[in-house]
*Asks:* 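Got a structure for you, questions after.
Throughout, a chain's letter reflects where its sequence line sits, starting with A, and its residues are numbered from 1.
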Amino acid sequence: MTLVYFAWVRQKVGAGEERIALPAEVTTVAELAAFLRAKGGGYAEAFADDKRLRVAINQEHAGWDAPVTDADEIAFFPPVTGG
Amino acid sequence: MTLVYFAWVRQKVGAGEERIALPAEVTTVAELAAFLRAKGGGYAEAFADDKRLRVAINQEHAGWDAPVTDADEIAFFPPVTGG
Amino acid sequence: MTTRISIQTHDFDVNAEIAALTEGRSDIGAVVTFSGLVRGDDSLTAMTLEHYPGMTEREIAAHVAEAEGRWPLLGVTVIHRVGRLLPGARIVLVAVASSHRGAAFAAAEFLMDYLKTRAPFWKEEERAGDTRWVEARASDDDAAKRWR
Amino acid sequence: MTTRISIQTHDFDVNAEIAALTEGRSDIGAVVTFSGLVRGDDSLTAMTLEHYPGMTEREIAAHVAEAEGRWPLLGVTVIHRVGRLLPGARIVLVAVASSHRGAAFAAAEFLMDYLKTRAPFWKEEERAGDTRWVEARASDDDAAKRWR
C-alpha cells in the first residue's frame, strides 16, 4: 500500500510518501494508525492523537472505521486549512 | 420649483426638466401630480396612474403624501431598474 | 474605509478595481465582486441606461454607508455604466473588501439588492428596432426586503 | 457548463478569468468572484501552501458538480495557489457565472465554504523566522454546515 502524509504529519514522520506491505492484522484505518503509532519515534508523535488527524483513501475523505487494502493509497493529514 | 422626469415619464411629458411656479393649491406630491395630470396631453398620459410612478424630492425618495415647496426639485419616474 | 463610486459610460477592469482596493495593505483577506452583464435574451440587440445625476451617487453612498454600519468592511467600489450597451457588456460592478469572507459576501449582495430597487437607473431595451422600458421585478423587491 | 480548476504557483488575473467565463456568450447576467488574500496579521511574514495533488482537483470538481446541481450555473472557475506567498498576495479565486445574481452569489459562497473545510490544502505561517501550521477553524466548519 502507499502511505502519504501532509503538513505536520509529513514533518513528524519525516517523509511525504512511503510504500509498506499491509500487515495481516490491519483491516481498518484505525488499525493502520495504531500500527504506525507503534513504530515509535516520529510516527508515535504524528499518530499520538487520532482526533487531530484526517484520512483519505484513494484520494477521497474517509472515516476511521473504513476498510483498507494493500492496493490502497492512504493519506493522513491534519484538518485542511485552504481557501 | 424644478420638475425632472426620467424614462417613459420624460418621453411622455416631452422634456427632462422644467421650471414651474408652485400653484397655490398644491401642497403635496399627490396634489402636484394631479395638477400636472390636469394639463392634459403628454402630462395626462404620464400621470394617468400614480401607482406606476415614483417620486424623489431634492434627490431623495419620497412618498405621495410628502409636502412640496417652491424651492424643491421634484422628480417623477417609473420604478428603478438598474443593477 | 475607502469608498469609490463612479457612474460612467466606459467599461471597467475588475482586476484593476480589486488592486485599487487592496494595494499596499495586508489587512484584507477577502474581496467579493459582482459584475452584472447585459443578457441577450429574446433577441435583445441593445440596452440604454439612463440615471438621475446627483441622486444616483447620493443614493449609492447612503447604501454603502449602511453596509459599512452592518459589516466590518475595509473598502467598497461601486461602478455603474450608463448609455447604450450591447449584449455581453458589463453594466455594474460592486466590489467589497473585508478581513473575512462572510462580511464581504453579505455586503456585496446587500448592495446589489439595494442598487436594483433604490438607485435611480432605468433600462430601455432594443429588439428589432423596437424599444421598451424594462419593468421593475417583484423578485428584486423581495430580495431587498431580506435586509430590513 | 464550463468548468476550470487550476492549482498553480503563479498569480491570476480576475478580469481575464471573468472574460474567459463570459467571452462570446450573452446568456450570462451575473458573475460573482471571491478573491482570498494573505493577511499580514500578527506580524506574519509569509505563508506556504501545501496540497494533495490529484485529490485536490478531484475534491474541487466534486464540489463544483454539487453546486451545479443546486443552482443554474453557466460557468465556474476555481484557482488555488500553492507555494510561498507574502502578505497581500492572492491565494484563491472562485468565479461563478449565472443568468441571475442569486445563484451566482450562493454558489460562490458554497464553494468557498467547501474549499475551506474539504479541499486538501494546508497553510504554514512564518513569523520572525518561526513557522507554525494553521489550525482549522470551527467557524469554517459551521459555515460549511449551512449547506447540508
*Asks:* Between D:Met55 and A:Ala56, which heavy-atom pair has the shortest distance, and what is it?
*Replies:* SD-CB, 3.6 Å
*Asks:* Does the side chain of A:Pro78 reach to within under 4.5 Å of the side chain of D:Trp133, using non-hydrogen atoms?
*Replies:*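 No - every pair of side-chain heavy atoms lies 4.5 Å or more apart.
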*Asks:* Within the side chain of A:Thr81, is there an N or O that forms a donor-acceptor pair under 3.5 Å with the backbone of D:Ala136?
*Replies:* no
*Asks:* Does a sphere of radius 6.0 Å around CG in A:Asp49 hold more than 12 heavy atoms from other residues, nucleotides or ligands, not counting ones at 6.0 Å or beyond?
*Replies:*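 Enclosed: over 12 neighbouring heavy atoms sit under 6.0 Å from CG of A:Asp49.
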*Asks:* Answer yes or no: is there a donor N or O on one side and an acceptor on the other, between the side chain of D:Lys123 and the main chain of A:Gly83, under 3.5 Å?
*Replies:* yes
*Asks:* Is the closest side-chain heavy-atom distance between D:Glu124 and A:Trp8 below 4.5 Å?
*Replies:*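 They are not in contact (no side-chain heavy atoms under 4.5 Å apart), so the answer is no.
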*Asks:* So D:Tyr52 and A:Phe6, would you call those rings parallel, tilted or perpendicular, with 30° and 60° as cut-offs?
*Replies:*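 Tilted.
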*Asks:* Under a 4.5 Å heavy-atom cut-off, does chain A meet the side chain of D:Arg118, its backbone, both or neither?
*Replies:*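 Both parts, heavy atoms under 4.5 Å.
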*Asks:* Is the shortest heavy-atom distance from the side chain of A:Gln59 to the side chain of D:Glu59 under 4.5 Å?
*Replies:*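 A:Gln59 vs D:Glu59: side chains apart.
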*Asks:* A:Glu60 versus chain D, heavy atoms under 4.5 Å apart: side chain, backbone, both or neither?
*Replies:*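 Answer is both: backbone and side chain atoms of A:Glu60 are under 4.5 Å from chain D.
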*Asks:* Using side-chain heavy atoms (C-beta onward) and a distance below 4.5 Å, is D:Glu135 in contact with A:Arg52?
*Replies:*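 With C-beta onward as the side chain, the pair touches.
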